[in-house]
Amino acid sequence: MRTTAFSSGAQAWASPAIVGALTCSALGAALGKSLFAAVGPEGVTALRLGFSALLLMVIGRPWRKGTQRAPPLAIIGFGVSLGLMNILIYQAFARLPLGVAAAVEVTGPLLVALAHSRRPLDFLWLATAVGGLVFLLPLRTENDLDPVGLLFAAGAAACWACYILFGKKISPLGPARAVSLGMAVAATFGVPFGVYNAGASLLGWQILTVGLLVALLSSAIPYMLEMFAFRRLPPNALGILLSAAPAMSALMGALILNERLSNQQMLSIVLIMVGSAGCAIFSRKAVA
């Protein structure tokens, strides 16, 4: 009876854990963007990847010998995808509102989920998300979104898709070891890239303190919360909750950075979220 009660209680906390992870990630993105004036998006990328790699090394302890192995090239591909995803999304954040950039980025996992689908209903969710993306294109004068920023966000979406595909190949390592190794690979080129562009401005104690906070909020805390929830929620429930990421990013952008979205931009975010949630609810699990 005690075990059952504990399991039910743990499952009840799984959904709030995902909401907490989304909140932390969006807050970390907003705090990171607040540093752009001082160190630029490249500097924030270096701080996030560097501190995240150290934190996740402590959490994942990848140096431990395990019984499972993964192809070294897959680990490198996983880490490169992770690093490029961070570099590109921060470049997108520098040019776009957080909610818009996050909405474009989330289409990466959506396309992976639908890649092997042939059901008409699944194409409805794809069409819904694509419709949302069309509303973001600078085809009309009232939509003043930076096209370069949209390209960076699309690149981040593609990297997220690759991150998922490589992640499946190294899944035998377990999530803790896989993510910590991937972040270490990402830091090997993401940190020098940021240091080269930001220089000595990264060394101020206030910058380092906020950078550490960004890494905690954007990587370490969401990772631990998601690990807790992933083992207790079914995939469709996870997909529904995670589809709210663009809305949470837009909220944090408004509260912290005073970003305001047009009605057209909010509609596009809603359509992309509906496409992601619909895929999670109704679509079959993608074939690996």
Side-chain angles (χ1 to χ4, degrees), residues 21-63 75-76 78-98 101-102 105 146 148-149 151-153 155-156 159-160 163 176-225 248-249 252-259:
L22 294 179
T23 303
C24 287
S25 294
L27 180 57
L31 288 177
K33 187 168 181 175
S34 71
L35 289 178
F36 284 0
V39 298
E42 300 87 359
V44 175
T45 302
L47 291 170
R48 176 181 174 177
L49 290 178
F51 282 127
S52 294
L54 293 174
L55 291 168
L56 291 174
M57 279 286 177
V58 175
I59 295 171
R61 290 177 288 175
W63 56 83
I75 295 174
I76 294 172
F78 181 74
V80 170
S81 300
L82 178 59
L84 289 176
M85 181 171 65
N86 277 269
I87 291 172
L88 293 172
I89 196 58
Y90 276 115
Q91 291 293 331
F93 287 161
R95 296 165 173 83
L96 302 172
L98 292 183
E105 187 188 27
D146 186 338
V148 176
L151 287 175
F152 276 124
C159 289
W160 196 348
Y163 169 85
R177 292 186 68 204
V179 174
S180 58
L181 285 171
M183 191 63 76
V185 172
T188 60
F189 66 91
V191 172
F193 170 75
V195 171
Y196 175 80
N197 285 277
S201 58
L202 289 171
L203 299 179
W205 69 268
Q206 291 179 321
I207 298 295
L208 291 173
T209 301
V210 178
L212 176 59
L213 186 58
V214 168
L216 282 167
L217 290 170
S218 299
S219 298
I221 294 176
Y223 164 75
M224 290 185 288
L225 291 174
M248 188 64 73
S249 295
M252 290 299 170
L255 292 177
I256 296 176
L257 303 172
N258 199 31
E259 294 180 342

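Count residues from 1 along the sequence. The structure displayed is predicted, hence computed values, not measured ones.
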Test ring pair (Phe, Tyr, Trp, His ring centres under 6.0 Å) applied to F78 - qualifying residues, sequence neighbours left out | Y163
Do any pairs count as a salt bridge (Lys or Arg N to Asp or Glu O under 4.0 Å) and have a residue in residues 26-43, sequence neighbours left out, and if so which ones?
-> K33-E259
Output for pair (I87 CD1, L82 CG), nearest 0.5 Å, gives 10.0 Å
Could you tell me whether the side chain of R48 and the main chain of S218 form a donor-acceptor pair under 3.5 Å?
-> yes
Interatomic distance, L98 atom CG to I256 atom CD1 [nearest 0.5 angstrom] | 8.5 Å
What residues form a ring pair (Phe, Tyr, Trp, His ring centres under 6.0 Å) with Y90, not counting sequence neighbours?
-> F93
Minimum-distance pair of heavy atoms, taken over all atoms of A153 and A92 = N-CB, 3.7 Å
Could you give the side-chain donor-acceptor pairs of residues 21-30 under 3.5 Å, partners two or more places apart or in another chain?
| unit_1 | atom_1 | unit_2 | atom_2 | d |
| --- | --- | --- | --- | --- |
| T23 | OG1 | V19 | O | 2.8 |
| S25 | OG | A21 | O | 3.1 |

Heavy-atom closest pair, residues Q91 and P41 = NE2-CG, 3.7 Å
List the atom pairs, donor and acceptor, that lie under 3.5 Å between side-chain atoms in residues 181-199 and the rest of the protein, sequence neighbours left out.
| unit_1 | atom_1 | unit_2 | atom_2 | d |
| --- | --- | --- | --- | --- |
| T188 | OG1 | V185 | O | 2.4 |
| N197 | ND2 | F193 | O | 2.7 |

Any donor and acceptor pair, going by atom type alone, linking the side chain of S52 with main-chain N or O of L49 inside 3.5 Å?
-> no
Measure the CG-OG distance between L55 and S219 for me, rounded to the nearest 0.5 Å.
-> 8.0 Å
Rounded to the nearest 0.5 angstrom, the CE-CD1 distance for M224 and I59 is 4.5 Å
Side chains of residues 204-217: which donor-acceptor partners sit under 3.5 Å, not counting sequence neighbours?
| unit_1 | atom_1 | unit_2 | atom_2 | d |
| --- | --- | --- | --- | --- |
| T209 | OG1 | W205 | O | 2.7 |

